[in-house]
Protein chains: 2
Amino acid sequence: MAGRSEKLEKYRPASDNFEIDEFPFYWVARLNSLYAMEMEKTLKPMNMDISRWRVAMLLRIHGELSISDIAEHALGKLPTITKIVYRMRDEGLVDVNTSETDGRVTVVTLTDQGHENVESVLEGTQSVFKKAFKGFTEPQIRKSNQLLRKLFDNLSD
Amino acid sequence: MAGRSEKLEKYRPASDNFEIDEFPFYWVARLNSLYAMEMEKTLKPMNMDISRWRVAMLLRIHGELSISDIAEHALGKLPTITKIVYRMRDEGLVDVNTSETDGRVTVVTLTDQGHENVESVLEGTQSVFKKAFKGFTEPQIRKSNQLLRKLFDNLSD
DNA sequence: TTTAAATAGTTGACAATTCAAGTGAATATT
DNA sequence: AATATTCACTTGAATTGTCAACTATTTAAA
């Protein structure tokens with residue numbers, strides 16, 4: 001009978017009045033797929049895909065990362081990241097070395113060609129972001145980001 | 001020199017002051033993966049995965065869908081959905097039939113076992129949603145949803 | 001009414017991801 | 001110091017997803 005719990009009913013997937021259009025994770029999934037598809041279009045001509053792209057961007061930002069670091073940021077499984085990295089190495093995009101301070105860790109960096117590749121893709125990717133946030137002001141973008149982060153933090157506890 | 005364009009710089013992936021933590025699609029991707037991983041934990045004991053689950057939920061809501069309908073809602077490629085559906089049929093979760101009004105379309109529905117399966121999984125999945133939106137009020141959830149939809153709509157033009 | 005074009009889905013070859021089970025290096029325990 | 005445990009990957013087998021090419025059905029055009 002209380003207003004709040006009644007209203008919340010429609011977000012409860014098990015509820016009879018559940019409305020999927022009102023379910024945030026439905027839109028997170030769709031938004032993510034759509035973004036990925038748009039990006040693939042930009043990436044394909046450069047012989048890249050979304051997986052390689054995510055790894056490359058992280059390396060561009062951080063300079064040097066271990067396989068686990070990449071897995072953590074890109075939220076992928078270790079074997080998956082391992083294989084992406086070695087694929088990228090075979091394509092000349094990254095260098096792979098064993099850490100000098102810890103023999104267990106594998107350190108990955110972008111090669112010159114990898115850097116060039118990233119920069120030329122970057123030009124094309126901006127349009128996707130612009131399109132999605134068309135009409136948004138800076139504070140709105142910041143708030144959107146805060147929201148996404150908050151949900152992520154909540155879920156990772 | 002203008003305030004706005006300077007502030008917006010950090011969201012431009014090509015920019016030198018780009019900060020990935022401020023990039024909404026980075027968080028969309030991470031949030032989506034994290035949600036998927038949490039869901040997988042709940043789904044695994046019932047012999048389900050996220051793909052099957054998405055198809056099952058859509059069928060629970062809509063009752064009957066064609067392969068393309070499912071592909072559209074789940075934002076998957078046609079061959080992918082086709083294979084998921086036939087896998088689910090082999091596992092007894094769905095029925096697959098040719099439409100009586102249009103011989104090209106394949107109509108998919110949940111079997112009784114599929115329904116039971118969905119209901120028992122639903123019990124477990126609520127906690128994931130609750131965890132993510134812990135501390136959110138109903139208007140906040142609604143606003144979050146609006147935001148995600150808006151981004152999706154922008155991108156799909 | 002043929003023929004052409006568009007739809008809706010399927011299939012097979014290939015690529016990517018994932019699980020389970022390993023390896024080898026570093027830490028912790030006895 | 002020897003052994004056990006944990007950590008950070010790596011590998012192979014199996015599953016899943018994707019592209020390209022194809023089939024069958026319906027709709028549109030000539």
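A, B, ... follow the sequence lines: proteins, then strands. Residue 1 opens every chain. Because the structure is a prediction, the values reported are computed rather than measured.
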Chemist: Are side-chain heavy atoms of A:Phe25 and B:Asn32 found at a separation under 4.5 Å?
Modeler: no
Chemist: Could you check B:Pro79 against A:Lys77 and say which one's nearest nucleotide on DNA chain C is further toward the 5' end?
Modeler: B:Pro79
Chemist: Which residues pass the side chain to side chain contact (heavy atoms under 4.5 Å, CB included) test with B:His62, sequence neighbours left out?
Modeler: B:Leu58, B:Leu65, B:His73
Chemist: Whole angstrom is fine here: how far is it from CD1 in A:Ile84 over to C1' in D:dT10?
Modeler: 15 Å
Chemist: Picking from A:Asp95, A:Asn97, A:Ile70, what satisfies side chain to side chain contact (heavy atoms under 4.5 Å, CB included) with A:Val108?
Modeler: A:Ile70
Chemist: With a 4.0 Å cut-off on N to O distance, would you call B:Lys131 and B:Glu38 a salt bridge?
Modeler: yes
Chemist: Could you state the atom-to-atom distance from CD1 of A:Ile70 to P of D:dA8 in whole Å?
Modeler: 14 Å
Chemist: Going by side chain to side chain contact (heavy atoms under 4.5 Å, CB included), name the residues that satisfy it together with A:Val107, two or more places apart in sequence or in a different chain.
Modeler: A:Glu64, A:Ser99, A:Val105
Chemist: Could you go through residues 74-93 of chain A and list every donor-acceptor pair under 3.5 Å that involves a side-chain atom there, pairing it with any protein atom two or more places apart or in another chain?
Modeler:
from, atom 1, to, atom 2, distance (Å)
A:Thr82, OG1, A:Leu78, O, 2.9
A:Glu91, OE1, A:Arg52, NH1, 3.1
A:Glu91, OE2, A:Arg52, NH1, 2.7

Chemist: B:Arg87 has an atom CZ; how far is it from atom P of C:dT18, in whole Å?
Modeler: 13 Å
Chemist: Mind calculating the distance between CD1 (B:Ile81) and C1' (D:dC19) to the nearest angstrom?
Modeler: 15 Å
Chemist: Quick check on the 6.0 Å ring-centre criterion: do B:Phe133 and B:Phe136 meet it?
Modeler: yes
Chemist: What is the separation between atom CG on A:Leu78 and atom C1' on C:dT17, rounded to the nearest whole Å?
Modeler: 13 Å
Chemist: Side-chain N or O of A:Lys83 versus OP1/OP2 of D:dT10: is the shortest distance under 4.0 Å?
Modeler: no
Chemist: Do A:Asn145 and B:Tyr26 come within less than 4.5 Å of each other through their side chains, counting heavy atoms only?
Modeler: no
Chemist: Which residue pairs satisfy the salt bridge (Lys or Arg N to Asp or Glu O under 4.0 Å) criterion with at least one member in residues 102-128 of chain A, sequence neighbours excluded?
Modeler: A:Arg60-A:Glu119, A:Asp102-A:Arg104
Chemist: Is A:Thr80 near enough to C:dT18 that one of its side-chain N or O atoms lies under 4.0 angstrom from OP1 or OP2?
Modeler: yes
Chemist: With a 4.0 Å heavy-atom cut-off, tell me which residues in residues 31-68 of chain A come close to DNA chain D, sorted by residue number.
Modeler: A:Ser66, A:Ile67, A:Ser68
Chemist: Considering only heavy atoms, which members of residues 90-106 of chain B lie under 4.0 Å from some atom of DNA chain C?
Modeler: B:Arg104, B:Val105, B:Thr106
